[in-house]
2 protein chains.
Amino acid sequence: MAIKTKVTIHDIAEKLNITASTVSRALNDNPRISEVTKKAVVKAAKDLNYQPNNIAAALRNGKSHIIGVIVPTADRSFFASVVRGIEEIANNLNYKVIICQSYDNYEKEVQTVDALLSARVDGIIASLGKNTENFDHFKKVQEKGVPLILFDRTSDAIEVSQIAIDDYLGAYKVVEHLIQQGCRRIAHFTSPKKVSIFRERLRGYAEALRDYGIPYDEELVVSSNLQLEDGRKSMEQLLQLKEMPDAVFSSSDYGAMGAMQVLKENNISIPQQVALAGFSNEPFTSFTDPPLTTIDQLSITMGTVTAELFFDQLKSEDRMKQPQKIVLKPQLIIRKSTLRKEE
Amino acid sequence: MAIKTKVTIHDIAEKLNITASTVSRALNDNPRISEVTKKAVVKAAKDLNYQPNNIAAALRNGKSHIIGVIVPTADRSFFASVVRGIEEIANNLNYKVIICQSYDNYEKEVQTVDALLSARVDGIIASLGKNTENFDHFKKVQEKGVPLILFDRTSDAIEVSQIAIDDYLGAYKVVEHLIQQGCRRIAHFTSPKKVSIFRERLRGYAEALRDYGIPYDEELVVSSNLQLEDGRKSMEQLLQLKEMPDAVFSSSDYGAMGAMQVLKENNISIPQQVALAGFSNEPFTSFTDPPLTTIDQLSITMGTVTAELFFDQLKSEDRMKQPQKIVLKPQLIIRKSTLRKEE
DNA sequence: TTATAAAATGCAAACGATTGCGCAACATTG
DNA sequence: CAATGTTGCGCAATCGTTTGCATTTTATAA
């Protein structure tokens with residue numbers, strides 16, 4: 001019943017008494033083929049229910065039209081959005097996207113890169129695992145002439161185009177905003193991790209204070225893993241101080257959320273007594289009470305910009321041109337958790 | 001400088017004075033090859049920096065070891081989690097995952113299916129677009145002998161294995177819980193959409209009421225798109241009633257969130273005066289004040305179960321066996337928004 | 001030592017599309 | 001009318017692996 005035989009361009013050729021070459025050219029709209037032939041081929045292809053075999057084409061011309069994307073995990077809001085953006089652009093350009101998760105596991109990242117290379121992807125877009133310090137696997141990618149680009153979690157230890165957001169600026173904006181709202185004792189939740197993003201945010205915090213003539217007070221800077229529970233503990237710790245802070249800027253929204261819970265439990269009003277800000281614009285931040293001021297990382301934009309830069313390099317003739325570094329300006333999202341003054 | 005020449009099994013063969021066949025078999029651990037040869041081949045492969053070409057292999061044996069996943073959009077929490085689960089299982093089995101977004105656009109869905117077929121994926125896992133009513137594109141997949149499986153947004157209009165959650169049961173559980181908390185006038189936010197999930201939830205709502213001897217009151221059932229704004233409007237509408245409801249069960253967490261805002265603005269206490277429950281366990285629901293009771297859809301589980309069933313069918317000899325339908329039992333997540341009684 | 005089985009490897013044809021080159025057939029130009 | 005150009009298409013090699021069917025080598029038995 002079912003016509004199991006795979007139909008190829010040869011079948012089309014046979015039916016029309018021409019050769020496979022002509023069919024191939026006709027299907028690819030090659031100008032060397034007459035219009036009549038093209039129409040006949042297209043019609044025959046439809047009649048025979050022809051399905052092109054990309055694999056054969058890929059083998060022949062060395063282009064798979066597939067790109068690999070490596071993220072630590074696909075279900076974190078930020079990465080999911082980036083993936084969305086990348087897929088959107090890629091799809092418009094007729095590329096397909098293979099998605100891979102490293103789970104912040106270095107070995108897995110290495111294996112994944114290797115697997116993508118074997119799959120002959122036309123390029124790789126990756127966000128580094130937290131523990132990645134050796135870049136031989138990515139250098140191998142470049143040596144093989146496969147376009148590579150890093151986003152968000154990038155590194156200067158490898159010469160490669162990259163897209164990141166300006167963490168320093170984001171933090172600076174938050175703190176500046178808090179100061180403008182009248183806060184003077186601004187605490188900060190940071191992380192001891194070696195990841196540069198937290199260092200950058202800390203730097204932004206410190207510089208903003210300095211620029212506005214507010215002394216940097218070590219006891220206001222608390223280090224933790226920045227999860228909800230950490231935020232709670234950090235906040236409780238701050239409440240022990242002789243002089244309570246009048247604002248808390250957490251390097252993560254989760255940490256801020258923990259602080260919010262503790263503040264509410266202690267009947268400390270937000271933002272009047274303590275203003276509160278996070279970082280990342282996690283989806284939940286607009287639904288807290290009060291809604292949380294935070295920094296948006298433009299995740300979809302990062303996806304599209306990354307993809308655009310990537311395909312730019314893919315098309316560009318001299319593949320080996322200087323790696324580009326793009327830094328996105330994050331956006332301050334002001335919500336009630338920091339709005340002390342009615343405008 | 002860079003050794004540009006792609007190294008193939010022929011290069012390995014040449015170096016060892018054997019043939020490509022032997023190299024191929026050695027690399028695939030074929031028992032017909034002696035151990036010494038295997039070791040030599042593996043070593044030579046490493047020395048030459050050999051990278052297998054999956055495309056050539058795929059062409060030869062008709063298996064790409066890639067599966068296609070189609071979701072409406074990759075950045076919705078639920079789908080992102082499912083994708084995560086699928087990728088995890090697939091990766092363990094040495095399969096790669098191509099991700100595609102339909103954006104609930106029927107034409108795009110059709111094109112995507114076609115593209116995946118041309119890419120010669122070994123199977124397709126999809127969640128239907130909202131407007132998909134014609135299934136010819138999916139039937140074509142089956143006719144070509146490509147394994148297909150649907151999850152979450154499924155349909156009975158096509159004979160295919162599918163995984164979904166029991167929306168009826170989820171709704172029933174919520175309403176039952178509300179009743180046990182002492183609620184008697186329970187309102188429901190539903191959607192006019194043809195999508196079956198909302199009908200099923202409405203059914204669960206109605207049946208629970210009936211089972212507990214509570215009359216079904218039409219004025220308590222409000223229909224909308226279930227977004228935040230819709231939730232607000234619906235709630236305001238309910239507040240106009242002579243007799244206010246003592247509970248609201250929204251078919252979406254966003255709708256519930258809108259209701260929560262309106263209730264708070266009107267100084268109506270949650271859950272004492274009005275208990276509130278949503279559906280989906282969106283990430284934000286645990287961060288609202290009060291935290292929102294909702295139904296968890298086991299997204300990661302759905303991903304892994306879907307992937308497992310899929311690979312089950314992929315391996316199974318008689319591919320054409322009866323399509324299986326798996327229904328996941330959703331889980332009631334009780335939070336403060338409905339907890340009237342201290343336990 | 002010869003016949004026979006078992007083990008290890010080689011040969012060559014796929015898989016399906018692409019493309020450089022060549023060759024007709026026909027049109028154009030001087 | 002010869003020379004040249006243009007158009008439309010065919011030939012055959014190629015991409016890198018895999019695999020059925022030899023063929024060779026080695027081990028075992030008679």
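Labels below follow one simple rule: chain letters A, B, ... track the order of the sequence lines, proteins then strands, and each chain is numbered from 1. Nothing here was measured: the structure is a model prediction, and the numbers come from that model.
Remark: Phe135(B) pairs with no residue by the ring pair (Phe, Tyr, Trp, His ring centres under 6.0 Å) rule, at least two apart or across chains. Not counting sequence neighbours, the partners of Tyr106(A) by the ring pair (Phe, Tyr, Trp, His ring centres under 6.0 Å) test are His137(A).
Within 4.0 Å (heavy atoms only), Ser24(B) reaches at least one base atom of the nucleic acid. Within the nucleic acid shown, Asn17(B) comes within 4.0 Å of sugar-phosphate atoms alone, with no base atom in reach, counting heavy atoms only. Across all strands, Asn28(B) comes closer than 4.0 Å only to sugar-phosphate atoms, never to a base (heavy-atom distances). Looking at heavy-atom distances under 4.0 Å, Ser21(A) makes contact with a base. Counting any heavy atom pair closer than 4.0 Å across all strands shown, Ile18(A) reaches sugar-phosphate atoms only and no base atom.
To the nearest angstrom, P of dT25(D) lies 17 Å from CZ of Arg32(B). Atom CZ in Arg25(A) sits about 16 Å away from atom P in dT7(D), given to the nearest Å.
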Write out a two-atom table: protein N or O, nucleotide N or O from nucleotides 14-16 of chain D, distance below 3.5 Å.
unit_1: dT14(D); atom_1: O2; unit_2: Arg60(A); atom_2: NH1; d: 3.0
unit_1: dC15(D); atom_1: O2; unit_2: Arg60(A); atom_2: N; d: 3.3
unit_1: dG16(D); atom_1: N2; unit_2: Ala56(B); atom_2: O; d: 3.3

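Contact annotation: the side chain of Ile89(A) never approaches that of Phe310(A) to less than 4.5 Å [non-hydrogen atoms, C-beta and beyond]. Considering only heavy atoms from C-beta on, Met302(A) comes within 4.5 Å of Thr306(A) through its side chain.
Among residue pairs with one or both ends in residues 107-119 of chain A, those qualifying as salt bridge (Lys or Arg N to Asp or Glu O under 4.0 Å) are Asp114(A)-Lys140(A); sequence neighbours excluded.
Chain B approaches DNA chain C over the interval dA8(C) to dG16(C), counting the first and last nucleotide 5' to 3' with an atom under 4.0 Å from its heavy atoms.
Test Gln101(B), Lys130(B), Arg153(B) against Pro72(B) for side-chain contact (heavy atoms from CB on, under 4.5 Å) and you get one pass: Arg153(B).
The number of heavy atoms from other shown groups lying within 6.0 Å of NZ (Lys325(B)) is above 12. Open room surrounds CD on Glu14(B); 12 or fewer heavy atoms of other groups in view lie less than 6.0 Å from it.
Note that CD1 of Ile99(A) is 12.0 Å distant from CD1 of Ile98(B), once rounded to the nearest 0.5 Å. Expressed to the nearest 0.5 Å, how far OH of Tyr50(A) lies from CG of Asp11(A) amounts to 9.5 Å. Of the inter-residue distances, the one linking Gln51(A) atom CD with Leu117(B) atom CG reads 4.0 Å to the nearest 0.5 angstrom.
At its two ends the helix from dT4(C)-dA27(D) to dG30(C)-dC1(D) runs along axes set 50° apart, each axis drawn from five pairs and the angle rounded to 10°.
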